[in-house]
Amino acid sequence: MRLNDMSFFNLASRRMNWLGSRQQVVAQNVANSDTPGFKAQDVTAFADVMRGVGTSVRTTNSRHIGGIGGQMDGVATREDEEAYETSLDGNTVALEQQTIKASEISENYRLASQLYRKGHELLTLAATGVR
Amino acid sequence: MDPLKSILQISASGMLAQGERLKVVSENVANASSTGMSPGEDPYRRKTITFEELVDRDSGVSSVGVSSIDRDDTDFSLRFEPSHPAADDKGFIKVSNVSPILEMANMREASRSYEANMNMFEAARKMRTQILDMLK
């Protein structure tokens, strides 16, 4: 039985993958919140990833520079259009905004991992009849 | 690299950079009243620090680092103190261009940014724990 082939588990794990990539981008923003000229970034929306819209850069040669390493297929990093603050040195990272985003991601991650676990419990229940 | 793993690395680089900034601030504060020892000698010149984005070519992870530590070029102010060894023939000595208010603001900002990085670290750690909890 391959859990990832079932649409439910596939969805949950893709969601967690995406949330992980997004949290990485938020961490990069926070780390660079005092770097002159740094532009805040965000990743492709999850709905677009599911539809396969925002495809990342293809690398056909080992010397090509791809997207961010470890990111799942279809997730591309781009400049954050919702960043509402530009400081004098050209930095567009608003720490408040990033903090909200980070806790949002954490919560969604918890949700996705709980869902995965629940799905697993459901399967156990179906197979054994005991919870 | 696994994004959750690289967050720890990114946040650590942020904390390291802010720590370095705090070090420069404390050097400035400690040397705020350092003057020269002979007439006309320059006192302590305030240090400044700049950050830059560091992109790892292999993993694409963009962390932060210190790009340079420079000296502040603003003019020194003069203080009348004829008995000082660094006093010129009119009795004035040059005092350093460190402004305590500026250093205080800088210090606060550095510790806030440090905290923000720490929170990201904590968030990533929690997410990892959730994944590991699924093994239970």
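Below, chains carry the letters A, B, ... as their sequence lines are ordered, and counting in each starts from 1.
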Do A:L122 and A:L11 share a hydrophobic cluster (ILVMFWY, side-chain heavy atoms under 4.5 Å, transitive)? no

Enter the distance from B:L4:CG to A:M16:CE here, rounded to the nearest 0.5 Å. 10.5 Å

Full working for side chain to side chain contact (heavy atoms under 4.5 Å, CB included) between B:E109 and A:D34: CA-CA 9 Å; B:E109 211 182 300; A:D34 290 318; 3.5 Å; yes

Run the numbers on B:K126 and A:S106 for side chain to side chain contact (heavy atoms under 4.5 Å, CB included), then give the verdict. CA-CA 8 Å; B:K126 264 190 195 143; A:S106 281; 5.7 Å; no

Decide whether A:V25 and A:V93 are clustered together by the hydrophobic rule: side chain heavy atoms of Ile, Leu, Val, Met, Phe, Trp, Tyr closer than 4.5 Å, transitively. no

Counting heavy atoms not belonging to B:M104, are there more than 12 under 6.0 Å from its CE? no

Please step through side chain to side chain contact (heavy atoms under 4.5 Å, CB included) for the pair A:K39 and B:E53, ending with a clear verdict. CA-CA 10 Å; A:K39 300 277 177 269; B:E53 184 187 1; over 6 Å; no

Do NZ/NE/NH1/NH2 and the carboxylate oxygens of B:D133 and A:R117 come within less than 4.0 Å? no

If I compare all heavy atoms of A:F38 with all of B:S62, which pair ends up nearest, and what's the gap? CE1-OG, 4.3 Å

Side chain / backbone / both / neither for A:S33 at chain B, heavy atoms under 4.5 Å: side chain

Scanning both residues in full, the closest heavy-atom pair of A:G20 with B:I7 reads O-CD1, 4.4 Å

Applying the 4.5 Å side-chain criterion to the ILVMFWY set and letting contacts propagate, would A:L115 and B:M134 be lumped into a single cluster? yes

For the hydrophobic clusters of this structure (ILVMFWY residues joined by side-chain heavy atoms under 4.5 Å, transitively), does one cluster hold both B:V98 and B:V25? no

Other residues, nucleotides and ligands only: do more than 12 of their heavy atoms fall within 6.0 Å of CZ on A:R78? yes

Closest heavy-atom pair, B:Q130 versus A:S113, reported as atoms and distance to 0.1 Å, is CB-OG, 4.0 Å

Minimal heavy-atom distance between B:G60 and A:Q28, with the atoms involved, is O-OE1, 4.3 Å

Using a 6.0 Å cut-off, check whether atom CD1 of B:I101 has over 12 heavy atoms from anything other than its own residue. no

Using heavy-atom distances under 4.5 Å, tell me whether B:S67 contacts chain A through its side chain, its backbone, both, or neither. neither

Select one option (side chain, backbone, both, neither) describing which atoms of A:Y109 are under 4.5 Å from chain B's heavy atoms. both

Check the pair B:I131 / A:Y116 against side chain to side chain contact (heavy atoms under 4.5 Å, CB included), numbers first and verdict last. CA-CA 10 Å; B:I131 282 289; A:Y116 202 103; over 6 Å; no

Heavy-atom count check: over 12 atoms from other residues, nucleotides or ligands less than 6.0 Å from B:M118 CE? no

Take a 6.0 Å sphere around CZ of B:R71 and say whether it holds more than 12 heavy atoms from other residues, nucleotides or ligands. yes

Within a reach of under 6.0 Å around CG of A:L88, are more than 12 heavy atoms found that belong to other residues, nucleotides or ligands? no

If hydrophobic clusters are built from ILVMFWY residues whose side chains come within less than 4.5 Å, do A:L19 and A:F9 share one? yes

Please classify the contact between B:N117 and chain A as side chain, backbone, both or neither, with a heavy-atom cut-off of under 4.5 Å. both

Please classify the contact of B:A17 with chain A as side chain, backbone, both or neither, using a heavy-atom distance under 4.5 Å. neither

I need the minimum non-hydrogen distance between B:I10 and A:Q24, along with the two atoms involved. CD1-CG, 3.8 Å

Using every non-hydrogen atom in the two residues, find where A:L95 and B:A116 come nearest and quote the distance to one decimal. CD2-CB, 4.0 Å

So, A:N32 and B:E52: side-chain donor and acceptor under 3.5 Å apart, yes or no? no

